Amino acid sequence: MSLYRNSLAGLAVAATLSASLSACGSGADAVDGKSGSDTITIGVLTPLNGPAASSFGQKTVDAAKARIELANATHEIPGVTLKVVSEDEGVSPQTSLAALQRLSEQDHADIVLAAGAFFFGSYRYAVQKNIPVVGDCIDGPECGDPKNTNIFAAFGSSDNNFPNYTGIPEFFKQQGGTKYCGIGYNSPSTVSNGKAMAGSVKASGMPVPYTNFSFDPGQANFSAIALSIKNAGCDVVGTQMQVGDSLSLFTALKNAGVTLKASFVQGGYGQELFDSAESVTAAQGIDMAAGYTPASLKTPGVTRMMNALKTYANWTKPYPSASHEWGWFTADTAVTGLKAAAAAKDTSGKGFIAALRKVTSDDHGGLTCPVNYSTFADTQQQFPGNCTYMVKVKGKEFVSLTGRDEIRIKAIPGTSNG
């Protein structure tokens, strides 16, 4: 999933982080003094300004608030009221650290939702202070490290070895695909995700004659790449890029006369795609991943989420925004943990961590495959709960290509692309 991680940037905050931790001391007391409190504060850490805000922003906060207000309205945690505060994660690992410190020390957040792009630069502070964190975990390896027992991945702890897997290659073949080409940015996790998919396809017996993971966002010559894909004879293309760049590539492929049997685009599922006439045109016929049940299927879980977004976030469009995903699912995981903690009669920080670590099957109200929070590194990074739906853009709709059935992703033992 990650389009933002920059390992070198993470090193730049090391000295600042070390000094901050020394100044703050051990933070367990800051979050573990609560037990049975009437009010628990949930802090949202997300970019509200800068380039990453277009993928997160206020809609991420709105969706988290909607899920929390739903929990309050339906008394999901008896005797407890949840309060939401938020801080702007900003544009870098350094600003992420500063915002996390504000959430902890000024806003007194009991649980943090790391729904953003730069938590890899601030997670050490959360670990040192033992702050319970539920993250989207698309930015770095922190959620897959078993030493970070206070950090939970809403969609499952990623395997940082990026193994090959089954599921997606079989989908490509079912669509009639015969050759695969993979395209993506030159950043650590996008390269690893791209190599994992290419390796998975190759392991299934489908040729992979061309891959390109050598360029930065907004820097690619898509006409040249499209020509290389055409010359390679690929009729399946997978991208590890921001949606705008993916759409530029597919437009270049159409202009080059390439006919595709199938495609894979991560991060395109969301109402934003239909809010631009240019995007609607560029996306026609493209297959995209939806990590949770598509709204068009109108399942009980979907109806519950859409009604909450309408009631508490004034969202009345047919599909959730892509930005809503990060706020809703991190907040939903926090509610799951608090319900388990309340049942154990300890809603302190330590109680929350202990309780959520015992939850082995959370399907987010029927929206995802079950996530096991008791283990680490058991999930393929791009696939929540090791599942995905595949949808095709037709007009202004995302049409499920597998009906109500998700595609199950299973790692191939002994493989690695990290």
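These numbers were taken from a predicted model, which means no experiment stands behind them.
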**Q.** Exam field: side chain Ser323 to backbone Gly57, donor-acceptor pair closer than 3.5 Å
**A.** no
Q.
As a quick check of understanding, evaluate side chain to side chain donor-acceptor pair (under 3.5 Å) for Glu89 and Ser96, giving each step before the final call.
A. CA-CA 4 Å; Glu89 187 181 47; Ser96 177; 2.9 Å; yes
Q: Keeping the roles fixed (side chain from Asn417, backbone from Gly194), state whether a donor-acceptor pair exists under 3.5 Å.
A: no
Q.
Measuring from atom CZ of Arg67 to atom CG of Asp332, what distance do you get when rounded to the nearest 0.5 angstrom?
A. 4.5 Å
Q: For the residue pair Thr81 and Asn72, confirm or rule out a side-chain donor-acceptor distance under 3.5 Å.
A: no
Q. Got Ser228 and Asn212 here, is their nearest side-chain heavy-atom distance under 4.5 Å?
A. no
Q | 4.5 Å side-chain heavy-atom contact, Cys387 and Arg408 | A | yes
Q | Side-chain donor or acceptor of Lys392 paired with backbone N/O of Gly285 under 3.5 Å | A | yes
Q.
To the nearest 0.5 Å, what is the distance between CG on Asp88 and OG1 on Thr95?
A. 7.0 Å
Q: Could you tell me which non-hydrogen atom of Leu100 sits nearest to which non-hydrogen atom of Ser122, and how far apart they are?
A: CD2-O, 3.4 Å
Q: Apply the ring-ring contact (aromatic ring centres under 6.0 Å, His included) test between His324 and each candidate in Trp315, Phe56, Tyr269; give the one that qualifies.
A: Trp315
Q) Without hydrogens or angle criteria, can the side chains of Ser321 and Gln271 be said to hold a donor-acceptor pair below 3.5 Å? A) no
Q) With distance as the sole test, does Asp235 use its side chain to make a donor-acceptor pair with the main-chain N or O of Lys179 at under 3.5 Å? A) yes
Q: Before giving the answer on side chain to side chain contact (heavy atoms under 4.5 Å, CB included), spell out for Asp245 and Tyr185 the whole-Å C-alpha distance, their side-chain angles and the decisive distance to 0.1 Å.
A: CA-CA 10 Å; Asp245 276 348; Tyr185 299 138; 2.6 Å; yes
Q | Test side chain to side chain contact (heavy atoms under 4.5 Å, CB included) applied to Asp275 and Lys317, step by step | A | CA-CA 10 Å; Asp275 290 341; Lys317 295 183 178 181; 3.3 Å; yes
Q: For Gly177 and Val236, work out which heavy atoms get closest and say how close.
A: CA-CG2, 3.5 Å
Q. Out of Tyr292, Tyr165, Tyr389, which residue meets the ring-ring contact (aromatic ring centres under 6.0 Å, His included) rule with Phe383?
A. Tyr165
**Q.** Value rounded to 0.5 Å, distance of OG1 in Thr166 from CD in Gln380
**A.** 9.5 Å
Q) With a 3.5 Å cut-off and no angle check, do the side chains of Gln94 and Ser92 form a donor-acceptor pair? A) yes
Q) Is there a donor-acceptor pair closer than 3.5 Å between any side-chain N or O of Ser54 and the backbone N or O of Pro51? A) yes
Q: State, yes or no, whether a side-chain contact exists between Met206 and Val208 at a heavy-atom distance under 4.5 Å.
A: no
Q | Met305 and Leu309, any side-chain heavy atoms less than 4.5 Å apart | A | yes
Q: Please check if the side chain of Ser204 supplies one atom and the backbone of Val201 the other of a donor-acceptor pair under 3.5 Å.
A: yes
Q. If you round to the nearest 0.5 Å, how far is OG of Ser157 from OH of Tyr373?
A. 11.5 Å
Q: Can you spot which of Leu70, Val44, Val84 makes a side chain to side chain contact (heavy atoms under 4.5 Å, CB included) with Lys65?
A: Val84
Q: Would you name the heavy atoms of Gly395 and Val280 that are closest together and state the gap between them?
A: O-CG1, 3.7 Å
(Q) Nearest 0.5 angstrom please: Glu76 CD to Thr336 OG1, how far? (A) 8.0 Å
Q: Can you see which heavy atom on Lys129 is nearest to which on Ser104, and at what distance?
A: CE-OG, 3.6 Å
Q: Taking all heavy atoms of Ser189 and all of Gln381, pick out the closest pair and write down the distance.
A: CB-OE1, 4.0 Å
**Q.** Neighbour count above 12 (heavy atom, 6.0 Å) for Lys261 NZ
**A.** no
Q) Mind checking whether Ser279 and Leu247 have side chains closer than 4.5 Å, heavy atoms only? A) yes
(Q) I'd like to know if the side chain of Asp107 and the backbone of Val85 have a donor-acceptor N/O pair within less than 3.5 Å. (A) no
Q | Evaluation steps, side chain to side chain contact (heavy atoms under 4.5 Å, CB included), between Gln382 and Met197 | A | CA-CA 10 Å; Gln382 299 187 100; Met197 182 166 289; 4.0 Å; yes
Q.
Which heavy atom of Leu103 sits nearest to which heavy atom of Gly43, and what is that distance?
A. CD2-CA, 3.9 Å
Q. Sequence neighbours excluded, which residues qualify as side-chain hydrogen bond (donor to acceptor under 3.5 Å, both in side chains) partners of Thr239?
A. Ser246
Q) Would you call Thr388 and Ile168 a side-chain contact if the rule is heavy atoms closer than 4.5 Å? A) yes
Q. Do Thr330 side-chain atoms and Leu113 backbone N/O form a donor-acceptor pair below 3.5 Å?
A. no
Q) Atom OG of Ser214 and atom CD1 of Ile225: how far apart are they, to the nearest 0.5 Å? A) 6.5 Å
Q) Under a 4.5 Å cut-off applied to non-hydrogen side-chain atoms, are Leu356 and Val359 in contact? A) yes
(Q) Taking the side chain as everything from C-beta on, heavy atoms only, tell me whether Phe162 gets closer than 4.5 Å to Lys195. (A) no
Q.
If the threshold is 4.0 Å, N to carboxylate O, is there a salt bridge linking Glu170 and Lys410?
A. no
Side-chain atoms of residues 148-156: list all donor-acceptor pairs with protein atoms under 3.5 Å, sequence neighbours left out, distances to 0.1 Å.
| residue | atom | partner | partner atom | Å |
| --- | --- | --- | --- | --- |
| Asn148 | ND2 | Glu142 | O | 2.9 |
| Asn150 | ND2 | Ala126 | O | 3.1 |
| Asn150 | ND2 | Ile131 | O | 2.7 |

Q) side chain to side chain contact (heavy atoms under 4.5 Å, CB included) between Leu338 and Ile111: does it pass, once the steps are laid out? A) CA-CA 10 Å; Leu338 284 169; Ile111 299 167; 3.8 Å; yes
**Q.** Heavy-atom donor-acceptor pair, Thr415 side chain to Pro163 backbone, under 3.5 Å
**A.** no
Q.
Within a 6.0 Å radius of atom CD on Gln175, are there more than 12 heavy atoms belonging to other residues, nucleotides or ligands?
A. yes
Q.
Surrounding CG of Asp216 (heavy atoms of other residues, nucleotides or ligands, distance under 6.0 Å), is the total greater than 12?
A. yes
Q: Give a yes or no on whether the backbone of Pro384 and the side-chain of Thr368 come within a donor-acceptor separation of less than 3.5 Å.
A: no
